[in-house]
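In the text below, chain A, chain B and the rest are named by the order of the sequence lines, each starting its count at 1. Please read these numbers as outputs of a predicted model, since none were measured by experiment.
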Number of protein chains: 2
Amino acid sequence: MITIYDLAKKTGFSSTTVSKALNDYPDVSKKTKQAIIDTAAEMGYLPNAHAQSLSTKKSWTIGVMFSESNGVGMRHPFFSGVIESFRKHAEKEGYDLILASRNLRNRGTSYLEHFLYRGVDGIMVICSDPKDPQVQEMINSSIPIVVIDMSNQDCSVVFSDNLSGGELAINYLYSLGHTKIAHIAGDHTIYAGKVRIKGYIDAMKKRNLPVPESYLVNGGLFSIQEGALAMEKLLDLADPPTAVFVAGDHMAIGAMETAKTKGLSIPEDLSIIGYDDIEMASYVTPKLTTIKQDTDQIGVRATQLLMKQIIQKKKIVTEEIIPVTLMERESCKRLEK
Amino acid sequence: MITIYDLAKKTGFSSTTVSKALNDYPDVSKKTKQAIIDTAAEMGYLPNAHAQSLSTKKSWTIGVMFSESNGVGMRHPFFSGVIESFRKHAEKEGYDLILASRNLRNRGTSYLEHFLYRGVDGIMVICSDPKDPQVQEMINSSIPIVVIDMSNQDCSVVFSDNLSGGELAINYLYSLGHTKIAHIAGDHTIYAGKVRIKGYIDAMKKRNLPVPESYLVNGGLFSIQEGALAMEKLLDLADPPTAVFVAGDHMAIGAMETAKTKGLSIPEDLSIIGYDDIEMASYVTPKLTTIKQDTDQIGVRATQLLMKQIIQKKKIVTEEIIPVTLMERESCKRLEK
DNA sequence: AACATCAACGAAAGCGCTTTCGATCCAGAG
DNA sequence: CTCTGGATCGAAAGCGCTTTCGTTGATGTT
């Protein structure tokens, strides 16, 4: 590894001047600057990030943490979509992402401690559980942070407009003549799940549609299997719904599966609308009508918010709500009277 | 931020002793060791990773790079699956992953340079193009590296058994009575694509099955759209196949789409078998029969291989081939004579 | 000629930690 | 009583870089 001292020796200047030249300080003449840069290139010099960070207290890294409540981690399309978008944009600003582990080489430490240890300049969290203590700890610290997919009073957050997502779905279903509309919900412990429930209820009430208790069934942690189970409950009802708004595409796909198994055809016998617009939604049969979350946009807004805090060196608390859109496909149909 | 000097002052020992106590050196008495550890906990001491790395030349990080030839990046289920598995296991060993960007804050540098700059202890690459110059540069360097999804003579690689994957597929199709079997291939520039072609041809020849040139159609970069296009070509043939082995699930799903569009029903009129076993495969209609790549296993083997190199401090060149399995679902059917 | 100004450069301290090499002290050996 | 060896501890250098502050010499001013 070659250092600025090697460059200093080679060029005849001091290490100070070399450093300054490399960082484009104004008090170095154009000529020596060029000479230094040239021999740096020639000798294959690369700065040492650790030394730099140690001395400047800036690491040009961002810590990324995602909760794995359901064990899928990065494998979930929403997560990987957001992270990928975030990565692309953070990259443009010069930052690398570091996916941190919880365990600091056998000393049992928290995520916050780990990120502090790593000296990241900021943290990006994708977490759906507003009261995860690990996340709370990070939020309460003084490090810049942006959290995605949940609401919070104490930091920058960005999430989809879950409320009007529900409105959008119900409105659409209603416009197709449905009035008996059920909701397969995400667990209340999950922020998005909770809000989508509210969106559903609000929209239903607004139209004076009945919301029997039995029409609101908990789909748990958004998995296909849980969606399938939830749909069974709905179908066993004495007065089953003609349409169901499902809080996640995976669950919706599971729901469609059971419907099919039970001999119902979609959308003829039952309309279904999902949430997320994962890739799969476009390729199941029938193609799933769904509320699209804009993972790209979420990623860019999150980046912007984080950059702003890093630059201003102070936390800013704000909510950035990303609009959702209805993707009209094949799983919903006008109700024939 | 509190340092070992703070601990030294507080406990009355020297910073040397503090450091040794924290690192469990043998020449510190049990008593002072405990005292130091206690006040460290009490004062909320956290080591500074940059200082540590600077002094030890070990960063406990692994650089991760994936080629984005098709622009999907981490969004592709195979990629995210492997990375997630790798992350989990690397974590257990105490390593963090760093997803690096190409541009080192405006100086245009290569991935290798970037990883060198960051001082990673090893590199993990997911790349399908054996002659990507960036990847070659990393392989030729002296840093420990493991590459996934391609073959190479000069480093550790781990990839699926693409050859017997083809064998498996053709064998299955043949056992169902098919003899006119086509292949929608991945581009030859992509290692997996090339080998799967060979697997297809070998298996066909082994059974004395004809392989007309028209039966081998290039599906490009494994996208759904390209799969759909490829299938069109196949269907336009004077003597179309009764079964097609597709080199990737996305392409297979695209292929099924066109088949359906053209009024063919699967598997009645045409059997299709894919490759990957992405989640979607289980939920399209009909459920896609496919060759499953074991992303989990790939991740763990990659971790092991990399750890070994890091510990031994020398590159080891080897090929680790992960077995694939046939996931029999609904998209293939016995050929009625 | 005396002075102020400015451009260009370097000495040195500091970032937080590790590690080598001594120094010190005390128990037990001779 | 002297000597040896082991157990504990610390001084100091070093990792590679940044940044403050001072020095030097050249230029322009009056």
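With a 4.5 Å cut-off on side-chain heavy atoms, B:Leu306 and B:Tyr95 do not count as touching.
Residues satisfying the side-chain hydrogen bond (donor to acceptor under 3.5 Å, both in side chains) test with A:Thr318, not counting sequence neighbours, are none. When the side-chain hydrogen bond (donor to acceptor under 3.5 Å, both in side chains) test is applied to A:Thr189, the partners found at least two apart in sequence or on another chain are A:Asp187. With sequence neighbours excluded, the residues satisfying side chain to side chain contact (heavy atoms under 4.5 Å, CB included) with B:Asp296 are A:Arg75, B:Ser85, B:Asp294. A:Thr303 pairs by the side-chain hydrogen bond (donor to acceptor under 3.5 Å, both in side chains) definition with nothing, not counting sequence neighbours. Checked against side chain to side chain contact (heavy atoms under 4.5 Å, CB included), B:Asp38 has the following partners two or more places apart in sequence or in another chain: B:Gln34. B:Ser141 pairs by the side-chain hydrogen bond (donor to acceptor under 3.5 Å, both in side chains) definition with nothing, not counting sequence neighbours.
No hydrogens or angles considered: a donor-acceptor pair under 3.5 Å links the side chains of B:Thr17 and B:Ser14. With 3.5 Å as the limit, one finds no donor-acceptor pair spanning the side chains of B:Glu137 and B:Tyr111.
Helix bend of the helix from C:dA1-D:dT30 to C:dG30-D:dC1: the angle between its two end axes, each built from five pairs, comes to 60° after rounding to 10°.
At the heavy-atom level, A:Tyr5 lies under 4.0 Å from base atoms of the strands shown. Among the protein residues, A:Asp27 comes within range of the nucleic acid bases, having at least one heavy atom under 4.0 Å from a base atom.
Note that the first and last nucleotides of DNA chain C, 5' to 3', having any atom under 4.0 angstrom from a heavy atom of chain A are C:dA8 to C:dG16.
Residue pairs meeting the ring pair (Phe, Tyr, Trp, His ring centres under 6.0 Å) criterion with at least one member in residues 11-41 of chain A: none, sequence neighbours excluded. Within the structure, salt bridge (charged side-chain N to carboxylate O under 4.0 Å, His left out) contacts touching residues 305-323 of chain A (residues at least two apart or in different chains) are A:Arg301-A:Glu320.
Note that CD1 of A:Ile322 is 7.0 Å distant from OG of A:Ser160, once rounded to the nearest 0.5 Å.
Residues from residues 29-38 of chain A that place a heavy atom under 4.0 Å from any atom of DNA chain C, listed by number: A:Ser29, A:Thr32. Contact check of residues 12-20 of chain A against DNA chain D (heavy atom, cut-off under 4.0 Å) returns A:Thr16, A:Ser19, A:Lys20.
Relative orientation of the B:His76 and B:Phe79 rings is tilted, given thresholds of 30° and 60° on the angle between their planes.
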